[in-house]
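Counting starts at 1 for both ligands and their atoms, in listed order. Computed over heavy atoms, backbone and side chain alike; hydrogens, waters and symmetry mates excluded.
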Amino acid sequence: MKETMEFKTETKKLLDMMINSIYTHKEIFLRELISNASDAIDKRHYLSLTNTNIPTTEYEIKVEANKDAKTLTISDNGIGMTKEELQEHLGTIAKSGSKEFLEKMSESKGDVDIIGQFGVGFYSAFMVAKKVTVLTKSVNSDKAYLFESEGLDSFTIEEAQKDDFGSEITLYLREDTEDEKYSSYLDEWEIKNLITKYSDYIRYPIKTWVTEYDTNDDKDSKKEPKSHLELKTINSMIPLWKKNKSEVTDEELNNFYKSKFMDYQDPITSIHVNVEGMLTYNALLFIPKKPFYDFYSDRNEKGLQLYTKGVFILDKCKELIPDYLRFVKGLVDSADLPLNISREMLQEDRAIKKIATNVEKKILSELQSMLKNDRDKYLEFYKDYGLNLKYGLYEDMGSKKDQLKDLILLNSFNEEKLITFNEYKEKMPEDQKAFYYIVAKDKQAAKALPQMDLLISKGYDVLILNDDVDEFMIQVLKDYDGKEFKSVNKDDLGLMDEKEAKKIDKLAKSKKNLLNQIKEDLGSVAEVRLSKKLVEAPACVSTEGEITFEMERVLKSQNHDVKATRILELNPNHNLFKVIEATYKENKEEAKKLVNIIYGNALLEEGVIPDNPKSFRDDISNLILNLNPNLKLDDEVVDVDAEEVEENTENEDKKEEK
Ligand code: ADP
Ligand code: MG
């Protein structure tokens, strides 16, 4: 009995997209169907290892064309599907990958180039076929079923006849059009070409019918040699990672990466690892040119594929890669793991831990050599993934800092490029004792900060931090090569010569009462001191302790109401300081307003809104009003004849018309 069932709404949408697709690489449908066949065999093989009821067999995948019927059939002797599985796996989209694909597709308004990045899988068949049938028999059932669909709203399932376990997917190809020769997929050469291009490393033989010419003994004969068809294995089958590193070309690695991880671009770099000895494993690691579409989503799961002795075990083994390297794609195949390893065992397994440590080391040393030998490439990498390295350095209380610190690049005040800590160090003048950094949006913003004056006058370079994590990272790092980090925004920079500094200390002592008075009047500062770092500016606000203005901002965006401890620094050599002092002697109320303005202004220079914007504004207004005490403010300022105004505007309108 034939049952008709409806596709789920989402599946309909996806099918609709496939059917109407103008994607130029429709040929990937074959890769998808072969990969499903290979997965199905993997599953059967894996089951047979633990379940003796399930027989093993000579595994194979066949691709067969029928030119008369214009059909292409991909068959496997894998696990097969029960009726329920047919309905569930082919009738609904369970995978988040396809769902995200749908979302992305509607966001990107049909940028078909992204199809390749998604495992749209089975449905891709409808890019080239007007009808698809699936004849399948599950190893867990003695009944076979036939699924049939034209990709529209519904599909049918009925009981059928099939001797062997496995599935047979038949595509009824569409009619050729001007732009698209669907019949080419029936061509022997094209089939061979697509198999080697996309599926060469599938571990099971992929067979297709190939024309073989009989050797002609009669050399002078003008007759065409006779030929016959033979079912031949097309793919090389040896997993690329098992080959010796020196035998594998970059191009092979790139092609492997693209077909395995469904990217349409070559990776930035590929790392091939063969290790033999106490621990034996092979690994292939790739850094995608661009972070994957789901990289920033919560659904993104990190992990490398895990194989043991060539048998696929797990798609995302998260134990193999640290969080901060989550962008790395790849696989590990080890001979030292049991086939039936469980997820719980993975966490404890010492071989896995050891491999993970090595994998991490390999990646970091590859990055280090990229930075050294191909800076442009590293910059391209760093643009997308640098932030991850910074987080890596900061994570776990900086346990990885020594491995990561030399991979970090930061903006420099003196140089027009990103520099490493080491490059900063090498350019330091002999008398420079510390690393200086400033938190600022960019060089322009940094330059505008009064605290920079002394550093600029000395010619010292300053690292400009502009990522949220930067300052946290520096705090974890503490020092570089024995040189302390000093924040221009917060620390006493220790740049003033000793004599001058002593003078200021002495002066500060004698002005102690005044400074205390100012502190009391401002209320929200922890201290008012005489500055040792200002040159031209009258004042600046610095912070004390771990929390800086930048962190205050970052934490606030995460809903933490933590305030930086504010210190008002006054420039004792500035005339304003004398004015403040004099005003305090004459009129305490006026003086209070004055320091409030100076403080508010210094905050603004740091990009921080004054604590009480209204009183800040009132004080400034008051100051301006007092500029000209003789002005008679009681007179009406606006005293214009209304008619006159009208006339004037009319005249102006006329002028404009001309
Ligand atoms: P994916 O392979 O990423 O899971 P597909 O759309 O390619 O997504 O396939 C959907 C599901 O259909 C598979 O997960 C599998 O359960 C089932 N399936 C597809 N092809 C086969 C096959 N040849 N043999 C057994 N199951 C299959
Ligand atoms: Mg698939």
Which part of Leu33 is near ligand 1, with near meaning a heavy atom under 4.0 Å away: side chain, backbone, both or neither?
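No part of Leu33 comes within reach of ligand 1.
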Hey, does Leu90 have a side-chain heavy atom less than 4.5 Å from the side chain of Met81?
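Answer yes - side chains close enough.
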How about Val128 and Arg174: do any of their side-chain heavy atoms sit closer than 4.5 Å?
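Result no, sub-4.5 Å side-chain heavy-atom pair not found.
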Considering distance alone, does some N or O of Asn36 sit under 3.5 Å from an N or O of ligand 1?
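It does: an N or O of Asn36 is found under 3.5 Å from an N or O of ligand 1.
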Output yes when the distance from some N or O of ligand 1 to some N or O of Asp76 is under 3.5 Å, and no in every other case.
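In this structure, Asp76 places an N or O atom under 3.5 Å from an N or O of ligand 1.
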Using distance alone, with no hydrogens and no angle criterion, decide if Trp209 and Glu188 have a side-chain donor and acceptor under 3.5 Å apart.
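Checked: Trp209/Glu188 side chains show no N/O donor-acceptor pair below 3.5 Å.
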Tell me every residue that passes side chain to side chain donor-acceptor pair (under 3.5 Å) with Asn66, counting only those two or more places apart in sequence or in another chain.
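Residues passing side chain to side chain donor-acceptor pair (under 3.5 Å) with Asn66: none at all.
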Asn36 near the Mg ion (ligand 2) via N/O/S, less than 2.8 Å:
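Here the distance criterion (N, O or S atom, under 2.8 Å) is met by Asn36, so yes.
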For atom 27 (C) of ligand 1, which of Met81, Arg44, Lys43 has the closest heavy atom?
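The residue whose heavy atom sits nearest atom 27 (C) of ligand 1 is Met81.
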What orientation do Trp241 and Tyr307 show, parallel under 30°, tilted 30 to 60°, or perpendicular over 60°?
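Ring orientation, 0 to 90° scale: tilted.
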If the cut-off is 4.0 Å to any non-hydrogen atom of Phe122, which atoms of ligand 1 fall inside it?
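Those of ligand 1 that fall under 4.0 Å from Phe122 are 5 (P), 6 (O), 7 (O).
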Closer than 4.0 Å to some heavy atom of Leu90 - which atoms of ligand 1 meet that?
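What qualifies from ligand 1 is 12 (O).
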Does NZ or CZ of Lys26 lie under 6.0 Å from the centre of the six-membered ring of Tyr185, at an angle within 45° of the ring axis?
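Ring-cation test returns no.
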